[in-house]
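Here the structure is laid out as structure tokens; the discussion comes afterwards.
Here is the naming used below: chain letters follow the sequence lines, and residue numbers restart at 1 for every chain.
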Amino acid sequence: MAQTSEERTYRERVLEVVRAIPRGKVTNYGTVALLAGYPRTARQVGAVLYGLRDSDTDVPWQRVVNAQGGISTFKVGSGELQVALLEAEGVEVVDRRVDMDRYGWDPGLAWAERQPK
DNA sequence: CGTCTGACGCACC
DNA sequence: GGGTGCGCCAGAC
């Protein structure tokens, strides 16, 4: 199985990046897409996370918010849960929003390069 | 194949 | 600060 893994699915790449988000920090959909190697696919990142199942407990999806620091999941009914999970790890959520200057995480493209494919 | 959709982002007003 | 419009593109049909 050496080289068949050459092309991981889009979904796998996205989840890898999300798993790399430090506890107590958050990032946005666009950044996840960029780090995953798929620029401009922020919406697809949301689609992937939407498809997560309860068994995917190792994916800290709550650490992904929109570019304005807002909780986008209220729109699909899991907003309250996301807020609870974030506050549980020390991230303050004021008026359904997170202060990106304080909690934002963005390692930059160099980080993505260092990640093993 | 062609179309539609949307946990987004950004330019504009 | 808020609201609207439109481009984006992988996946579902």
Report which part of the nucleic acid A67(A) touches: base, sugar-phosphate, or nothing (heavy-atom distance under 4.0 Å, all strands).
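Sugar-phosphate, backbone atoms only, no base.
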Check your understanding: If you look at every strand shown and take non-hydrogen atoms under 4.0 Å, does T73(A) touch a base, only sugar-phosphate, or nothing?
Key ->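 T73(A): base contact, heavy atoms under 4.0 Å.
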Flag, side chain of [X] to backbone of [Y], donor-acceptor distance under 3.5 Å:
X: S78(A); Y: L81(A); answer: no
X: T27(A); Y: W105(A); answer: yes
X: E89(A); Y: G24(A); answer: yes

Kindly determine whether T41(A) and Y10(A) satisfy side chain to side chain donor-acceptor pair (under 3.5 Å), including the steps that lead there. CA-CA 10 Å; T41(A) 61; Y10(A) 176 80; 2.8 Å; yes
Among the nucleotides [options], which one has an atom lying closest to any side-chain atom of [X]?
X: K75(A); options: dA7(B), dC10(B), dA10(C); result: dA7(B)
X: R40(A); options: dA10(C), dC9(C), dC8(B); result: dC9(C)
X: A42(A); options: dA10(C), dC8(B), dC10(B); result: dC8(B)

OP1 or OP2 of [N] less than 4.0 angstrom from a side-chain nitrogen or oxygen of [X], does that happen here?
X: N28(A); N: dG9(B); answer: yes
X: R43(A); N: dC8(C); answer: no
X: T41(A); N: dC8(C); answer: no

For [X] and [N], what is the distance between atoms [atom1] and [atom2] respectively, to the nearest whole Å?
X: Q44(A); N: dA7(B); atom1: CD; atom2: C1'; value: 11 Å
X: Y10(A); N: dA12(C); atom1: OH; atom2: P; value: 13 Å
X: E12(A); N: dG11(C); atom1: CD; atom2: P; value: 11 Å
X: L49(A); N: dG6(B); atom1: CG; atom2: P; value: 17 Å
X: D95(A); N: dG1(C); atom1: CG; atom2: C1'; value: 13 Å
X: Q68(A); N: dT4(C); atom1: CD; atom2: C1'; value: 14 Å
X: L34(A); N: dC8(C); atom1: CG; atom2: P; value: 17 Å

Report yes if a donor N or O on one partner sits less than 3.5 Å from an acceptor N or O on the other, where the partners are the side chain of Y29(A) and the base of dA7(B); otherwise report no.
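Side chain to base: pair present.
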(Q) Whether the side chain of R11(A) and the base of dG11(C) hold a donor-acceptor pair under 3.5 Å is what I'd like checked. (A)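 Per atom types, no contact qualifies.
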For dC1(B), give the paired nucleotide (Watson-Crick: N1-N3 plus N6-O4 or O6-N4; G-U: N1-O2 and O6-N3; both under 3.5 Å), or none.
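Checking every strand shown, dC1(B) finds no partner, since no pair has both distances under 3.5 Å.
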Inset, instruction - Could you check which nucleotide pairs with dA7(B) in any of the strands shown, counting Watson-Crick or G-U wobble with both distances under 3.5 Å? - result: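 Because no pair has both required distances under 3.5 Å, dA7(B) counts as unpaired.
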Fill in: Student check: side-chain heavy atoms of F74(A) and E80(A) closer than 4.5 Å
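A side-chain contact exists here, since the closest heavy-atom pair is under 4.5 Å.
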